[in-house]
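First the structure, in the form of structure tokens, and then the observations on it.
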Amino acid sequence: MNRKTLLLLTTTAFFVSACANDGETGTSTDEVETIGSDAENAEEITLWTFAPQHIDLYGDAAERWNEEFPDRPIDLVAETYPFEQMHNNLLLAVQSGTGLPDIVDIELGQYPNFMEGIIQFEPMNEYVEPILDKVVDSRYELYSRDGNYYGIPTHVGATVMYYNTEIMDEAGVDIDEIVTWDDFVEAGKQVVENTDSTMWNVGTEDWLMDMWPMISQRDSDAIDENGEVILDNEANVETLQFLYDALYVDEIAELTPGGMNQSEEFYGYFLDEGSASILAPLWYMGRFVDNMPDLEGKIAIRPMPAWKEGGNRSAGMGGTGTVVTKAADNVELSKEFLAYAKMSEEANINLWTILGFDPPRFDTWESEEVRNPDNVYYEYFGDNIFDVLLDVRDEINTLNVTADTPNVINEYHTHVTFNVLRNRTETPKEALERSAKVVRSLQRD
């Protein structure tokens, strides 16, 4: 294994904390489940995943496949592994050329590890290109290279604002009047003045929950489309300055308890009305339902504030791309089944009804099945979830995720937030310039 690969593996933990906590990361021990038919001529398709709940989606698809195509039965052998073990095993299998499954889930942050050199996955262009006018294409671009689409996304991961309406009403704030981040700051001042809550929290251990979506909506990133490190560009410095000012100048925010809004410390804090809003992707709905059930009926979903009127009001965060490997026993059957399980209209409806994810195909967002009010998320948040999605669907930029992204996140968590937001020993410009230099030096290695 070469030095670059070793570096990627050692930075896995930092990326997991920032990018894989989207309701998809599994922690189970190795499990094998076979979903199939009783037919003797059934063709076996092997699947690896790190998210146990994904088996519900694929299992449903296998059962539907065997009912719809009784002359072409399949046995789906689904294996679930812990997150790091699965990705490390996959990397070793790709390097050795042996032991690969037919189909495999790959988390967004790990995906660049498999896009170097000769790609061992099958392009899915014949299935992707016919539906590009029906999908949030930025999510498909995440898993493409040189015009080929390899990974099939699991959700949009559209970032939104979650507002506690009881606090906002007490403060005299109409959340529908919050259009820009300037409006957000002014609303925050009202919250602080008129309630016992603060407006917001700024995380120090989760790049995905404030800095990354906020620079993405400004058409920026940490790495550009050519692989150049732009962590220290003007837009990013201004964004980090905004986070600093929210904490120490405008004083409408506090550092996130526990470092990120996916911690037991934070859930208790938010339940006690410590703050009035959360910036997070739509998959964070599951965090509310599972960890803050007492807030049902009190949380409203709205677009992110824009940096200026008419600007982008969302960003796609987190995700899993599913690929077919070149080693598949029956490549064409595996590709057809993957498209059937994740790309068809029914499959995208199931991404919502089975997994609770915002499906990449927006032509399903107004379907009867998706709009069915008998749903735990509609009961908790109201029935406007997909109205918000439709409103922002064209405002989600493609993220530039490369082999250098884990180093960016490591720098942001260990140096930038520590020195700028906690200790206040560096300015945003100083910290980002220093960290960008570190990432560039590792990039040259």
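By convention here, the first residue in the shown sequence is residue 1. All values reported here derive from a predicted model rather than from experimental measurement.
- Residues forming a salt bridge (Lys or Arg N to Asp or Glu O under 4.0 Å) with Lys429 (at least two apart in sequence, or on another chain): Glu433.
- In this pair, Phe242 and Trp200 present their aromatic rings tilted. The plane angle is within the 30 to 60° band.
- Under the side chain to side chain donor-acceptor pair (under 3.5 Å) criterion, Gln85 pairs with Asp30, not counting sequence neighbours.
- For Arg145, the side-chain contact (heavy atoms from CB on, under 4.5 Å) test picks out Met115, Ile119, Tyr150, with sequence neighbours left out.
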Please step through salt bridge (Lys or Arg N to Asp or Glu O under 4.0 Å) for the pair Arg64 and Glu346, ending with a clear verdict.
-> CA-CA 10 Å; Arg64 289 189 291 108; Glu346 185 168 3; 3.4 Å; yes
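- Scored by the side-chain contact (heavy atoms from CB on, under 4.5 Å) test, Gln241 finds Tyr244, Asp245, Pro428 as partners (sequence neighbours excluded).
- Partners of Ser435 according to the side chain to side chain donor-acceptor pair (under 3.5 Å) rule, which considers only residues two or more places apart in sequence or in another chain, are Glu411.
- Residue-environment remark: CG (Asp56) exceeds the threshold of 12 foreign heavy atoms within 6.0 Å.
- Every residue two or more places apart in sequence or in another chain was checked for a salt bridge (Lys or Arg N to Asp or Glu O under 4.0 Å) with Glu332, and none qualifies.
- Remark: Ser144 pairs with Glu141, Tyr149 by the side-chain contact (heavy atoms from CB on, under 4.5 Å) rule, at least two apart or across chains.
- Partners of Glu265 according to the side chain to side chain donor-acceptor pair (under 3.5 Å) rule, which considers only residues two or more places apart in sequence or in another chain, do not exist here.
- Scored by the salt bridge (Lys or Arg N to Asp or Glu O under 4.0 Å) test, Glu336 finds Arg72 as partners (sequence neighbours excluded).
- For Asp176, the salt bridge (Lys or Arg N to Asp or Glu O under 4.0 Å) partners at least two apart in sequence or on another chain are Arg302.
- For Glu79, the side chain to side chain donor-acceptor pair (under 3.5 Å) partners at least two apart in sequence or on another chain are Tyr81.
- Sequence neighbours left out, the pairs with a member in residues 357-370 that pass side-chain hydrogen bond (donor to acceptor under 3.5 Å, both in side chains) are Arg361-Asp363.
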